[in-house]
Structure formats: structure tokens, C-alpha cells
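Throughout, a chain's letter reflects where its sequence line sits, starting with A, and its residues are numbered from 1.
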Amino acid sequence: MEGPDLTGRAPGQQSLNPTAAAGAAALPSVLRLRALGLFAYPITGPLFALIVIFVVFSLGTSTFMNAGNMSLIAQQSVVIGTLALGQTLIVLVSGIDLADGAIMVLGTVVAGSYATHGDALTALLLAFVVCVIVASVNGLVITKFRLPPFIATLGMFTIVAAGARLYTQSRSFPITSDFLAVLGSGPDFGAVTVTFGSMLWVLLTLALGYALNETAWGVRVYAIGNSPSAARLNGVNVTRVVFSVYALAGVFYAFAAWQALGRTPIADPSGYQIANLDSITAVVIGGTSLFGGRGGVAGTFAGTLIVVALKNGLTQAGIDSLYQQIATGALVMLAVGVDQYLGRGQRA
Amino acid sequence: MKRDRSSRSRATRGLALASAAIGALATFAPSAAQADEKKFLIGIVELQLANPFFGKLEKSAVDTAKKHGLDVMTAEANTAGDSATQIAAIENMINRGVKGITLDPANSTALTPIVKKARDAGIIVVTTNTSLAPMTAADATYETDNLRAGVLIGQWAKATMGAKAPHIAMLDYDLSDKTSKARHDGFLKGFGVAEGDPQIAGSGLNMGNAETGQTAMENLLSAHPDINVIYTINEPAAQGAFFAIKKAKRDVLVTSIDGSCAGVRSVADGTIGATVMQFPTRMGQMAVESVIKAVNDGVKPSGFNNTGTILITDHPIAGVESKDSKWGLENCWGE
């Protein structure tokens, strides 16, 4: 009855059940109780980190804390932020998607090349179709053929990245359509532009947050992330829900592709080479557990801002970008460390 | 394939006692129009073909080799800096018995031992696009003089700025990369400023594409709104920087290096003030021809061979030779 684990989780990490949780809560460790109290909400950590970063850069540089730069941080966040929404979904079911950036880039070049001779709306729709199909193939391979998500999406990453280059013959396509690039524009408030892309990012975050927290589907996603076998015992069709997660992630990758065309109006197969790692970084720093079942899109929103603000602030402070990468890496390890610590507490 | 046929025909003609060299000559002499040239296997090792420059370079090398009737083995690095794939490829080429290799090294030191092994086995190895450290680790190198390319745009930028006080931004690629460093140093030399000079407002690392060039330039402009002249590692980065400049509604002189057709079009439409064209086709052709000459005549190639640097701008300055974007469009590479 209990089929193979579809979520790529190692055995022994999936034993969250009510009695174990109660046992953990009863542990006499004052420290752990306090940590659990403070960090019971996964958003606490990332919000705290975000505030610290903003305070430090505001004090450390004269140019960080102004409306223009805040608008810039939002604009620099939208592509990775939108991509990371899809990644969050997948990580919540203990999966991972190494192909998300490549799928998005494929979407941009499909739209960009079609738009050179066709109409922009069709071009965008094509990008959506391509992104959803490729992401669904990931879902299919993972649910039906039982490949671990890491391996399945690693393979897909290589295939799609090479495919995009073959398809374009390594050419890039300037975007001349106002419609395709619309997300990079928006109303001006003095020196500040609030782009439609930033608005879309917020809207998509709210919509996905609603779906995860207020619908039966969302409950199932978290249930599968906590324990696929327990979810299955409770009548959840794990295969179908996990597949839907990958397919829906494809929709977010397509939105990210649209965001990318708005932000940098060139469809370039060599762009966004490490967007997959950036999106995973944003998800993890945002407090979503790589073991699944814990976290959510609010954390990812904050996590994206942390990654972008860190890079923005350190550049403005004139700090070598290699140190920026070290800072980001350290934050990832800190975030995962906290998650491990809390995970042990909860899962005992 | 051709080698197999040649050895078989040698056997059928009963030239078993002849030396390999004489045998090969005897086989080819009666039939071939390009009679006096030896047919051999050549290895062509390139960097990642995602970059159209390397694609053009490889195509030119392969075309030249085929034109001379050679058999060709090709291999490419998967990503920037991927020397492991190139090393494995050269090992395979040595096993397959190539007589010459043209190599676009992913790393100037990591490839040195395997190149030594190949040369010890009597294989001619020339580098293209960039060289090994020391340069003499290979027989010869055919590449753009990137320092000179940097000097050209540096001089152009300095003269075009005139009396205006410069606030320079450097949009670099990883400076541990030899090409990146040479261009960077060349620009500063041509402009006449030293590293660390306060006229350099800041520098932003990017990956040589539009997306990362844009982000780097946005952050630099946010911190230093007075930036008025920039150096960029290549034209995609320049294009990205231009998006940031346009959005910030600033007036900034943009310089770059590469000479791709997209880049020259940016010179024509004023996005880029000046760029330096390099010539990948000439690079591949010269490198392969040098190998052919060495195998046939025993004259080994040597040293640094500049494959050309030409300043492309529609705003020429006195004292620096340049061509306009019209000439550029006729001679550019890529799409």
C-alpha cells in the first residue's frame, strides 16, 4: 500500500507524527523551547535578517537608504523572486528544481525569437506553454518514473540549457515589443519607478500564499512535505499533488520569463546562468525547509530581498563581489543550520 | 576514416616494406590535387560554444582544416573555466594520434601539463584566443592583443571626454581571467589613470552578459550618480549597462571590446561610443595553417601572433586609427 517515496526524502527524515512532535515539545531544554517560541513562525528569521541588512547598509553607506535605491532593489528582485515562488512550492514537497532558471531562459528565447516575426501576445503564450510543458515533464519523471528530484532536474537543467542554445544558435533577441517588456515599466513617483513587474511579484506571492494556506490543495502540499506516507494514509493522492506542484511551478517560471524580458529587454540564452542557485538560496534563506512541509512564500519574498539587498548594498559600499558571494553563502549555511536545529526539535 | 583507407591501400599495393612517410606519399601522390600536403588528424579544442565568439573561432578552424583535406576532432569546454573537459579531450586526441592541436585554453596553468605531454609525443600545439602560462608552454599563440584593445578604447575615451572631469566605472569580468585583466589594464593605461585612482568611481563584476551588466551598472549608478564614462568587458555587458543608464536618464560614455555584429550595431545606433573588433575567423585560420605548415615543412610556429585589433567608432579622434560602423558591419562576427 505504501508506495515508494516520491519526494526524494531520505528514509528516517520523514517520521513527523503527532506523538513525536509532542515528545519534542516536552523536552526540558529551555533553550530549544525559547528558540521554538521565537522562531515557530518561519518568517521571523528572514525578516530579522532583512531588517539587520537594511539597518547596516543605511548606516554604512550614504546611498543605500533612499527611495530610488529601494525601487532598484525591488526591480532587481522580481526575476529571482518570481522564479523562487515556483521553487518554494517544489521545496515544500521536499523536492528541488535545478532546472528552473534554464526553463525560464528557454521561455524568454522562445518568446523573443517568435516576437521577431510574430505578435507579442502569441509569443508570451508560447513561453507559458513551453515552460509549463517542460516543468510538467519534470513532474512526470519524478512521480511516474520515481527519479530523485535532484537528479531529474539536474538532467533537465543540462538538456534545457543546451536546447535553448541550439534553438537560438547562441543568438540573443532584442525585445522591441512594448507588451513583452511592459513589466519593466510602471508609474513614476518622483525619482522612483514602481514597475508593473514589482506589482506582479507581490500579487503572485499573495496568490500563491493564499493557495497554500487557504485551500485544500495547499493543506495537501504541506502534508506531503511533512510525510508522504502519512498523507497517503489520509487519502491524499500524492502522485497527483506532487505532479500539480511541478506543473504549477512552470507557470511561475513563465511569469519569471516575462519579468526577465521586462527587466533586461534582450532574450539571451546565456543569461541567468545561476538563477537556479539564486532561487534555491532565496527559498532557503527565506526559511523554507529543504526537508519539506515547513515554510512558505512570505519567507521566500523576504529571502529574495535579502539576497538582492546584500548584493546591492555591498556593491555600493565598494566591497569586492567575491566577498558578496561569501556573505550569501554564509547566510545559506546559517539558514539551513537553523532549519536543521529546529527540524531536529520538531521531529525528534 | 581517411587514415584507415590510406593504410589499407598501402597494404594492397604491397608497400609493406616502405616507411610510413613514403607510403603515405605514394598513396596520395597520384590522385590528390593538393598533392604535396600531408593528410593528418588535427584536434581542435574550444571553449564553451554558448559564446558565439568561440563558435565562430571553432568553425573557422574546422573549415580551414577541411579545406586542406584534414580529418578533424573537436571538443569544447562545457562552461567558462572548465579545463577538466579540455584535458580529457586532449588525452583522447593524443591516443587517437593527432599530429597537431589548436587549443583555446580554459585556464592558463591547468592545461600546461597535458600540453607538455602532447608536445613530448611530437604533437604541435598552438593556442588560440588566449595563451598558457608561460606562453612558451605551447608552440605558438594566435590571439587578440587584449591589452592593446583596452588601450585603444582608453585613449578614445580620454580624448572624447576632453576637459570634462572623468568619473570612471569598470564593468569587469572575473579579473583572474587573463583576457579580462589585459583589457582592464589596457583601458586604464590608455586613459592614463592608475589602478586605485580616485577618478575610478567604482567597479562592478559581471558575467559578460546583458543581465548581469545591467545589475552591476544599476548598483554603481545608485552609489555614484556622477559616473560619466565606462569600460565594459564585452558588448553584451555594455548593452546591459546601457539599459541601466537609460533608465537612470544619465549621459554616460560607453566603451567596449569584441566587434560582434550586435555590438557594431550598438555603435551605429549610439548605444556604445567605441568598441574594438577582434577577428576570430583569422584566429582559427592562422592557427590551423601554422599546424599544417609545421607538419608539412617542419617549420614550427612560435611566439605571440596578434590576430588584429581595430577600433570601431563613428566619432573618430585624432591620433588613433579607427574604422566606422559601416566598415564594422561588413567585417563583424556573429549575428
Side-chain angles (χ1 to χ4, degrees), chain A residues 57 61-64 66 68-73 75-77 79-80 105 108 158 161-162 164-166 168-175 181 184-185 188 191 193 195 260 263-275 308-309 311-322 324-325, chain B residues 48-56 59 76 78-80 169 172-176 200-225 234-237 239-244 246-249 260-263 265-266 269 271 334-335:
Chain A
F57 284 133
T61 72
S62 58
T63 52
F64 182 81
N66 65 59
N69 196 50
M70 292 302 108
S71 152
L72 197 56
I73 288 175
Q75 291 173 42
Q76 292 175 346
S77 298
V79 178
I80 296 303
V105 168
T108 63
T158 313
R165 279 157 186 173
L166 281 173
T168 57
Q169 299 178 319
S170 296
R171 259 182 305 168
S172 46
F173 303 93
I175 302 299
S185 58
D188 286 330
T193 307
T195 62
R263 189 166 146 63
T264 307
I266 278 191
D268 175 8
S270 75
Y272 298 98
Q273 288 165 9
I274 54 165
V308 172
K311 193 184 262 184
N312 175 292
L314 288 171
T315 307
Q316 301 212 11
I319 289 168
D320 190 314
S321 65
L322 293 177
Q324 300 175 19
Q325 293 168 25
Chain B
Q48 69 282 3
L49 297 186
N51 182 332
F53 181 87
F54 304 136
K56 190 80 176 174
K59 184 170 184 308
E76 300 89 23
N78 291 319
T79 57
D172 292 312
Y173 179 74
D174 180 359
L175 283 178
S176 69
I200 305 169
S203 65
L205 198 70
N206 65 84
M207 295 170 77
N209 59 25
E211 163 235 336
T212 53
Q214 179 180 2
T215 304
M217 191 67 206
E218 285 171 348
N219 290 342
L220 284 168
L221 276 176
S222 196
H224 311 283
N234 65 5
E235 287 147 2
Q239 186 67 51
F242 178 75
F243 292 139
K246 197 169 83 175
K247 216 177 249 180
K249 303 185 181 75
S260 70
C261 294
R265 280 196 293 274
S266 296
D269 71 21
T271 307
E335 295 293 334

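Neither the backbone nor the side chain of A:T61 comes within less than 4.5 Å of any heavy atom in chain B. Residue contact with chain B, scored on non-hydrogen atoms closer than 4.5 Å, involves the backbone and the side chain of A:N69 alike. Heavy-atom distances place no part of B:L221 under 4.5 Å from chain A, backbone and side chain included. With a threshold of 4.5 angstrom between heavy atoms, A:Y272 approaches chain B through its backbone and through its side chain. The contact between A:Q75 and chain B is made entirely by side chain atoms (from C-beta outward), counting heavy-atom distances below 4.5 Å.
Considering only residues two or more places apart in sequence or on other chains, B:T79 meets the side-chain hydrogen bond (donor to acceptor under 3.5 Å, both in side chains) condition with none of them. For B:T271, the side-chain contact (heavy atoms from CB on, under 4.5 Å) test picks out B:Q239, B:F242, B:S266, B:D269, with sequence neighbours left out.
At a cut-off of 3.5 Å, with distance as the only test, no side-chain donor of A:T195 or A:R263 sits close to an acceptor on the other residue.
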- Test side-chain contact (heavy atoms from CB on, under 4.5 Å) applied to A:N312 and A:L72, step by step: CA-CA 9 Å; A:N312 175 292; A:L72 197 56; 4.1 Å; yes

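Ranking A:G68, A:P269, A:G271, A:P265 against chain B, the residue ahead of the rest is A:P265, based on heavy-atom pairs under 4.5 Å.
Enclosure of atom NZ in A:K311 is not indicated, since only 12 or fewer non-hydrogen atoms of other residues, nucleotides or ligands lie within 6.0 angstrom.
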